[in-house]
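Some notes on the structure that comes next.
Predicted, not measured: the structure shown is a model, and the values here were computed from it. Computed from heavy atoms alone, side chains included, the values below leave out hydrogens, waters and symmetry copies. Chain letters run A, B, ... following the sequence lines, proteins first, then strands; residues in each count from 1.
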Number of protein chains: 2
Amino acid sequence: MLNTRQLQILQLIIDDFINNGMPVGSRTISKNPTLAISSATIRNEMADLEELGYIYQPHTSAGRVPSDLGYRLYVDSLAADKLLDAEQRVLIRNLLLSGKIKAEEIVEKAAHLLAEMTGLAIVASYPGFKKRALSNLKLIKISDAKVLLILVSDNEVVKSITLSFSGTNQDILDLISNSLVRNLEGSTIEDIDIKKISRLKYDLKQYGNVIDYLVPILRDSLKNIEDNEFYIDGFENFLTVPEFSNSEKARKMYRLFERKEILNELFDDIQSEGIFIKIGDENKITELNECSVITTAYRYRSKDLGKIVVIGPKRMDYRGIISVVEYTRNTLSDIFSGIYL
Amino acid sequence: MLNTRQLQILQLIIDDFINNGMPVGSRTISKNPTLAISSATIRNEMADLEELGYIYQPHTSAGRVPSDLGYRLYVDSLAADKLLDAEQRVLIRNLLLSGKIKAEEIVEKAAHLLAEMTGLAIVASYPGFKKRALSNLKLIKISDAKVLLILVSDNEVVKSITLSFSGTNQDILDLISNSLVRNLEGSTIEDIDIKKISRLKYDLKQYGNVIDYLVPILRDSLKNIEDNEFYIDGFENFLTVPEFSNSEKARKMYRLFERKEILNELFDDIQSEGIFIKIGDENKITELNECSVITTAYRYRSKDLGKIVVIGPKRMDYRGIISVVEYTRNTLSDIFSGIYL
DNA sequence: GCTTGGCACTCGAACGAAGAGAGTGCTAAC
DNA sequence: GTTAGCACTCTCTTCGTTCGAGTGCCAAGC
């Protein structure tokens with residue numbers, strides 16, 4: 001559709017616009033030594049590119065700015081994915097590996113790292129829990145009145161819940177824990193039912209009264225488990241982006257991401273495998289029509305574990321950001337899949 | 001020092017300025033029915049108040065704005081602390097009590113709630129952990145290669161650490177956990193030493209090789225425990241404050257609170273008991289000279305557990321905010337002290 | 001002697017005109 | 001097909017003007 005020169009000019013315009021954020025004039029492009037054509041010729045080509053919808057003028061006497069279509073072509077032609085340089089790769093890996101911590105914390109760390117490295121806003125979903133199978137469980141005495149219930153899912157995510165429960169000791173709790181694991185292991189966490197819990201009574205007849213007291217507490221607690229759905233980081237980055245430095249706009253963006261239904265809509269739309277980019281109007285959520293949204297999923301072995309969404313202005317360093325996101329995603333997947341352990 | 005009328009005028013000026021954010025003119029004050037004096041008289045009084053340093057003019061033909069000294073007098077004369085209305089009290093308590101969760105999560109919830117209710121930025125420190133005594137401990141198998149170490153401190157704070165540790169089963173882990181608890185219970189967590197851990201060997205001779213493998217992992221993990229020091233929330237609120245809506249300023253504030261040494265300085269300065277307010281230049285940290293900082297500490301029984309800092313522009317609804325902060329602090333203390341459990 | 005109406009004065013905010021500058025489209029020549 | 005040249009357009013900045021809110025001070029009044 002576009003000839004080589006047109007494509008080259010379009011790329012130069014977009015590169016320049018990404019760097020400087022100001023409409024690009026024909027003279028700027030004509031200065032490029034690999035092109036060696038005059039500004040007048042560039043102007044003619046620009047008029048064509050505009051007619052084809054790849055660029056437009058904010059006003060009559062301004063330079064050109066890429067349209068969504070222009071960005072799309074630009075992004076699609078970034079086939080030669082820049083590999084992250086070794087230094088950055090080591091940095092990311094070391095930061096994510098430092099301190100062996102909980103799944104949630106690793107995701108948060110990765111999102112924070114991404115926010116810092118990309119200078120954009122990040123939303124990440126935590127590894128799922130409720131829909132997974134239970135793989136281990138433990139009751140731990142915290143104080144005279146409190147017991148901690150630890151649940152481990154088959155995707156190695158851990159949750160803890162504090163119960164109000166007194167008049168027991170750790171030895172009894174261990175017995176109860178063991179019995180519960182035997183009875184509940186393999187059940188989907190959100191579907192754990194009272195019947196299975198009640199089998200405790202038969203296992204541990206001698207502690208009947210303790211169990212009678214504990215069962216309803218356990219049931220209620222399990223019912224109230226919630227997936228901590230999203231972690232948000234780097235929204236303050238919107239404050240430095242000239243396109244959003246109008247604090248009204250920045251705040252609107254922030255408020256947008258406090259709305260769970262918006263996040264759900266955004267996350268439901270993410271396909272697995274690879275990295276996806278939605279530019280401007282390509283986003284279904286109209287509030288994001290001025291943004292580009294880059295999404296990917298991190299995995300546990302061969303299943304999706306959670307998703308990462310990068311949100312920024314359409315004017316962003318796609319090439320660099322894609323490579324950082326990709327490497328972080330892969331590292332995260334490796335960590336969760338146990339490659340590094 | 002000030003006569004009744006002067007004090008009244010000062011309060012009216014500050015009330016009006018807090019509400020409207022614009023310099024207050026003599027005519028505005030003279031309209032107040034309880035005063036019933038002309039604007040000319042107000043002007044004379046204002047000139048006196050300015051001479052005394054309680055108010056000042058941003059420029060010659062503008063109204064008056066409270067100085068730090070003026071705010072100080074205003075805040076100190078707010079003796080009749082407004083009690084929070086029952087509705088808000090119930091709201092705060094229910095929100096903080098809903099779902100019995102971990103200490104960290106309760107603090108985060110409280111900070112988030114405060115950010116929403118006050119419209120200001122909140123920094124909270126989590127309950128301390130490293131300097132506390134160990135009260136319970138448990139190893140839980142997560143997968144073939146991972147074991148979770150759960151630590152409970154005597155102030156009922158729970159931490160979990162993932163260890164890479166394979167070739168064992170939950171029964172052995174239970175035995176090891178029990179032995180560790182016996183040997184380490186009461187030790188200060190950051191001081192747990194290898195010697196005490198090594199006693200495992202004598203307790204559980206039959207698992208000698210497992211123990212030899214586990215001890216160094218445990219030691220390293222315990223060394224690397226870090227107190228998750230601070231939780232920050234509501235900084236986006238700075239975007240709505242006209243005084244900071246200049247996004248440069250808002251961003252500066254945000255960056256300020258990413259610096260741990262600043263937060264440490266801020267938190268070290270907090271006294272216990274009660275609610276403290278630093279206005280403008282009263283803050284040692286020069287970057288906060290345009291802000292007011294309200295601080296308080298939540299407690300576990302009769303000892304400080306963590307601190308809460310509210311940061312906003314000097315122009316804030318001190319009366320309302322103090323009462324919200326106070327009630328939240330008290331509720332938090334009650335929850336941690338087990339009053340509600 | 002405090003209070004008040006009146007008045008000249010001051011200063012910032014808003015508005016508009018003028019000028020500069022960047023960039024364009026078009027035309028005619030190469 | 002490319003390019004130099006030129007008229008044209010539109011934004012941005014600057015500068016002066018006006019408008020209005022608010023002041024300080026003075027002289028009269030209670």
Side-chain angles (χ1 to χ4, degrees), chain A residues 2-10 12-17 19-67 70 242-243 245-246 315, chain B residues 2-10 12-17 19-67 70 242-243 245-246 315:
Chain A
L2 292 187
N3 64 40
T4 322
R5 194 173 70 180
Q6 284 176 315
L7 191 61
Q8 201 182 352
I9 290 173
L10 181 62
L12 286 171
I13 291 171
I14 298 183
D15 281 335
D16 189 280
F17 185 71
N19 284 326
N20 306 313
M22 279 183 333
V24 186
S26 55
R27 241 180 79 80
T28 313
I29 299 299
S30 74
K31 277 179 197 151
N32 187 290
T34 65
L35 230 54
I37 42 178
S38 77
S39 64
T41 311
I42 306 282
R43 279 202 287 282
N44 290 330
E45 296 285 25
M46 279 177 160
D48 290 349
L49 286 171
E50 180 155 8
E51 208 166 314
L52 291 165
Y54 294 108
I55 52 178
Y56 68 96
Q57 292 179 280
H59 58 87
T60 321
S61 72
R64 290 328 200 281
V65 163
S67 67
E243 285 89 331
S245 67
N246 167 344
R315 182 171 81 78
Chain B
L2 292 186
N3 64 41
T4 322
R5 195 173 70 180
Q6 283 175 317
L7 191 63
Q8 200 182 354
I9 291 173
L10 180 62
L12 285 171
I13 292 172
I14 298 183
D15 280 336
D16 189 280
F17 185 71
N19 283 328
N20 306 314
M22 280 185 330
V24 186
S26 54
R27 241 180 77 81
T28 313
I29 299 300
S30 74
K31 278 179 197 152
N32 186 292
T34 66
L35 229 53
I37 43 179
S38 77
S39 64
T41 311
I42 306 282
R43 280 200 288 283
N44 291 330
E45 295 285 24
M46 278 177 161
D48 290 348
L49 285 171
E50 179 155 10
E51 208 167 313
L52 291 166
Y54 294 109
I55 51 178
Y56 69 96
Q57 292 178 280
H59 59 86
T60 320
S61 71
R64 288 338 199 274
V65 163
S67 67
E243 285 89 330
S245 69
N246 167 344
R315 182 171 80 79

Distance, rounded to the nearest Å, where [X] contributes [atom1] and [N] contributes [atom2]:
X     : N      : atom1 : atom2 : answer
B/E45 : C/dC2  : CD    : P     : 10 Å
A/R27 : C/dG21 : CZ    : P     : 14 Å
A/I37 : D/dG1  : CD1   : P     : 13 Å
A/I9  : D/dT2  : CD1   : P     : 9 Å
A/I29 : C/dA22 : CD1   : P     : 17 Å
A/N20 : C/dG23 : CG    : P     : 11 Å
B/I13 : D/dT23 : CD1   : C1'   : 13 Å
A/M22 : C/dG21 : CE    : P     : 16 Å

Would you call [X] and [Y] a side-chain contact if the rule is heavy atoms closer than 4.5 Å?
X     : Y     : answer
B/L2  : B/Y54 : yes
B/S38 : B/T41 : yes
A/L10 : A/I14 : yes
A/E45 : A/I42 : no

Check the phosphate of [N] against [X], side-chain N and O only, distance under 4.0 Å to OP1 or OP2. Yes or no?
X     : N      : result
A/T60 : D/dC8  : no
A/T41 : D/dT3  : yes
B/S61 : D/dT23 : no

Taking for each residue the nucleotide of DNA chain C bearing the nearest heavy atom, is the 5' side occupied by B/H59 or by B/R5?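 First, find each residue's nearest nucleotide; the 5'-ward one identifies B/R5.
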For nucleotides 25-30 of chain C, 5' to 3', base contacts (B), sugar-phosphate-only contacts (S) and non-contacts (-) with protein non-hydrogen atoms under 4.0 Å give BB----
Looking at every non-hydrogen atom in both residues, tell me the closest pair between [X] and [Y] and how far apart they are.
X     : Y     : result
B/R64 : B/I13 : O-CG2, 4.1 Å
A/E50 : A/Y56 : OE2-CA, 3.8 Å
B/I37 : B/S30 : O-CB, 3.4 Å

Touch check for B/S39, heavy atoms < 4.0 angstrom, all strands: base, sugar-phosphate only, or nothing?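 If one applies the 4.0 Å heavy-atom cut-off, B/S39 turns out to touch nothing in the nucleic acid.
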